[in-house]
Asker: 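Here it is: the structure, laid out below.
It should be emphasised that the depicted structure is a prediction, and the values quoted were computed from it without experimental measurement. Chain A is the first sequence line, chain B the second, and so forth, proteins listed ahead of strands; every chain is numbered from 1.
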Amino acid sequence: MEKERPTYYDQVFAVTRAVPKGRVTTYGAIADFLALGSARMVGWALNKVAYGMGVPAHRVVNRKGELSGRVHFSPPSRMQELLEQEGIVVENDQVRDFRELLWIPAEYLSQEDFDED
DNA sequence: ATTGTGACATACG
DNA sequence: CCGTATGCCACAA
């Protein structure tokens, strides 16, 4: 077996997958939980997978609650549809009651508790 | 090693 | 609200 150390992607994927249905999180929140660098890395990592590994990337939005990453979906409207399927209301490319739907991994998960695999 | 890139965040004017 | 600047740092070439 080829030994593979956890890459930054895996961290982001794991946390993203941990986001409860009907909730959303932000790049900054994930980055903060990982305590690794910046939110940019999160979006960049998601771009590599883009739902390819079963990662609900549609639950990740920017700090304003906007679907900033929808352009990376196929089609872009896919992101909003997925969110609406989970009961999230999206208006003007922004999540309604985003503040209430926001799920911060750092407040629910522990780096010890969460495993990458 | 260096440069370019990026689904962000924050600060400033 | 908008544009600009800077920080952030993993990864590809």
Asker: With heavy-atom distances below 4.5 Å as the criterion, would you say the side chains of A:P75 and A:F73 are in contact?
Answerer: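 No, too far: nothing below the 4.5 Å cut-off.
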
Asker: Using 0.5 Å steps for rounding, measure from the CH2 atom of A:W103 to the CG atom of A:L109.
Answerer: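 Output value for this atom pair is 4.0 Å.
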
Asker: Walk me through whether A:Y108 and A:V19 qualify under side chain to side chain contact (heavy atoms under 4.5 Å, CB included).
Answerer: CA-CA 10 Å; A:Y108 297 89; A:V19 179; over 6 Å; no

Asker: Rounded to whole Å, please give me the gap between CZ in A:F33 and P in C:dC8.
Answerer: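 Going from A:F33 (CZ) to C:dC8 (P), I get 22 Å.
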
Asker: What interatomic distance, in whole Å, is found between P of B:dC12 and the corresponding atom of C:dC8?
Answerer: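 Pairwise P distance, C:dC8 against B:dC12, rounds to 15 Å.
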
Asker: Compare the minimum distances between each of B:dA9, C:dA12, C:dC9 and the side chain of A:Y9, then state the nucleotide with the smallest one.
Answerer: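 Looking only at heavy atoms from C-beta outward on A:Y9, the closest nucleotide is C:dA12.
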
Asker: Just the rounded figure in Å: distance from P of C:dC9 to CG of A:D32.
Answerer: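 Whole-Å distance recorded here is 13 Å.
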
Asker: Identify the pairs formed between an N or O of the protein and an N or O of nucleotides 11-13 of chain B at a distance under 3.5 Å, and give each distance.
Answerer:
none

Asker: Evaluate the side-chain proximity of A:F33 to A:V42: yes if any heavy-atom separation is below 4.5 Å, no if none is.
Answerer: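 Result no, sub-4.5 Å side-chain heavy-atom pair not found.
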
Asker: Within residues 56-85 of chain A, which residues have any heavy atom lying less than 4.0 Å from an atom of DNA chain B?
Answerer: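 The stretch gives A:A57, A:N62, A:R63, A:S68, A:G69, A:H72, A:F73 as the residues lying under 4.0 Å from the strand, ordered by number.
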
Asker: Write down the distance between CD1 (A:I30) and P (B:dA9), rounded to a whole number of angstrom.
Answerer: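 Result: 10 Å.
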
Asker: Start with the C-alpha distance between A:L67 and A:L83, add both sets of side-chain angles, then the distance that settles side chain to side chain contact (heavy atoms under 4.5 Å, CB included), and finish with yes or no.
Answerer: CA-CA 10 Å; A:L67 284 54; A:L83 288 172; 3.8 Å; yes

Asker: What's the CG-P distance between A:L46 and C:dA10, to the nearest Å?
Answerer: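 Going from CG in A:L46 over to P in C:dA10 covers 16 Å.
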
Asker: Which comes earlier along DNA chain C counting from the 5' end, the contact point of A:S38 or that of A:W44, where each point is its nearest nucleotide?
Answerer: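 Of the two residues, A:S38 wins.
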
Asker: Output a table of nitrogen or oxygen pairs between the protein and nucleotides 1-5 of chain C separated by less than 3.5 Å.
Answerer:
none

Asker: Quick test of your reading: applying side-chain hydrogen bond (donor to acceptor under 3.5 Å, both in side chains), list the pairs with at least one residue in residues 55-73 of chain A, sequence neighbours left out, ordered by first then second residue.
Answerer: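 Sorted result for residues 55-73 of chain A: A:H58-A:E86, A:R59-A:E86, A:N62-A:E66, A:R70-A:D93.
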
Asker: Provide the full list of side-chain hydrogen bond (donor to acceptor under 3.5 Å, both in side chains) pairs with a residue in residues 31-44 of chain A, sequence neighbours left out, each pair given once.
Answerer: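 Qualifying pairs: none.
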
Asker: Let me spell it out: for each of A:K48 and A:A39, pick the nucleotide of DNA chain C with the closest heavy atom. Which residue's pick is nearer the 5' end?
Answerer: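 The 5'-side residue here is A:A39.
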
Asker: With sequence neighbours left out, what residues match A:D97 under side chain to side chain donor-acceptor pair (under 3.5 Å)?
Answerer: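 A:D97 satisfies side chain to side chain donor-acceptor pair (under 3.5 Å) with no other residue.
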
Asker: CZ of A:R40 versus C1' of C:dC11: gap in Å, rounded?
Answerer: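 Whole-Å distance recorded here is 14 Å.
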
